[in-house]
Amino acid sequence: MHALKRDWGTMHVRHKGGKGPALVFINSLGTDLRMWDEVCGHLPQDWITLRMDKRGHGLSETALEGYGIPELAEDVIAAIDDAGLASAILVGCSIGGLIAQHVALMVPEKVQGLVLSNTASMLGAAEGWHARIAGVRENGMAAMAEGILPRWFGPKMLANPNAPLWRTLLARTDQEGYIATCAAIAGTDITDRLGEITQPALVFGGKHDLATPPEVVEALARNLPRADLVMFEETGHLPAIEAPEAFAEALVKFVERIAK
Ligand SMILES: O=C(O)CC1=CCC(=O)O1
């Protein structure tokens, strides 16, 4: 556990050293770095992992406003530099995948490859995010969290006794941090820059994903110059939680193929 000082506050970072390759994990909206716990448990012991909580999430402090996805990408770059990594493979889920795409555009020399789970170059229409922000302001996080779970998980995970733990995490996410993150997503569309991301990429989707449905991740894989696609049959939006073993297996195969 490490507290990384940023100009907006303190960011919670976890860095596990090793021989390499180095993997940087970037979590989704309303989760924290624990979403990668089980995936990391299935990786080779000597691999380097770096995880962090976004602003307003987990143990990181909240930055109220005035930031977008590029500033969240700068936080990731700062964590990579702080860990002394010259380059890494980025693994991002949903907004984490959008942040990863930004990092690849901003500092391509630091990015060896990308694993883009259930994400896109634009995460839904801005109006939807503004409506969500209004709903959270009016009713609070707990009321919103109840309706989000079926967007996150496929039927198998919804029936899992652990599913409510993730709803609790979401309900306890700092309201202002959550709203600021939704606002950052709302203004972002980098579709016309996807051709510039020339690193090898692995795109994950889930047949039951209501947030980034299969056709959305298929389009991302098609528009990236060097992407392969894996579509999980039984998962929704968060396969790293729903099927960590299958996630890790595909991830390890990809990393072994591309790591120098
Ligand atoms: O909360 C959702 O609807 C799912 C989601 C969208 C962006 C993200 O990171 O998670």
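Each residue takes its place number in the sequence, starting with 1. Both counts, for ligands and for their atoms, begin at 1 and track the order of listing. Since this is a predicted model, take the numbers as computed values, not measurements.
- Side-chain contact, His2 with Asp82: a donor N or O sits under 3.5 Å from an acceptor N or O.
- For ligand 1, none of its N or O atoms has an N or O atom of Ala211 under 3.5 Å away.
- The Trp152 neighbourhood of ligand 1 comprises atoms 1 (O), 2 (C), 4 (C), with distances under 4.0 Å to a heavy atom of that residue.
- Protein heavy atom at the shortest distance from atom 7 (C) of ligand 1 is Ser94 OG, 2.9 Å.
- Of all non-hydrogen atoms in Thr173 and Gly30, the two that sit nearest each other are OG1-O, 3.8 Å.
- Near Ile95, the atoms of ligand 1 lying under 4.0 angstrom from a non-hydrogen atom of the residue are 8 (C), 9 (O).
- A salt bridge links Arg137 with Glu176; the closest basic N to acidic carboxylate O contact falls under 4.0 Å.
- When each of Asp174, Thr62, Thr181, Asp75 is checked for a side chain to side chain donor-acceptor pair (under 3.5 Å) with Arg55, only Asp75 meets the rule.
- Here the closest non-hydrogen pair linking Val13 and Leu50 is CG1-CD1, 3.5 Å.
- Each of the atoms 9 (O) of ligand 1 lies under 4.0 Å from some heavy atom of Ser28.
- The number of heavy atoms from other shown groups lying within 6.0 Å of CD (Glu215) is above 12.
- Taking only nitrogen or oxygen atoms, main chain and side chain alike, Leu29 reaches within less than 3.5 Å of ligand 1.
- Ligand 1 places these atoms under 4.0 Å from at least one heavy atom of Trp129: 6 (C), 7 (C).
- Ion pairing between a basic and an acidic side chain is recognised when a charged N comes within 4.0 Å of a carboxylate O; Arg51 and Asp37 show such pairing.
- An N or O contact shorter than 3.5 Å links Arg151 to ligand 1 by distance.
- Counting heavy atoms closer than 4.0 Å to ligand 1, residue Arg132 contributes side-chain atoms (C-beta onward) but none from N, CA, C or O.
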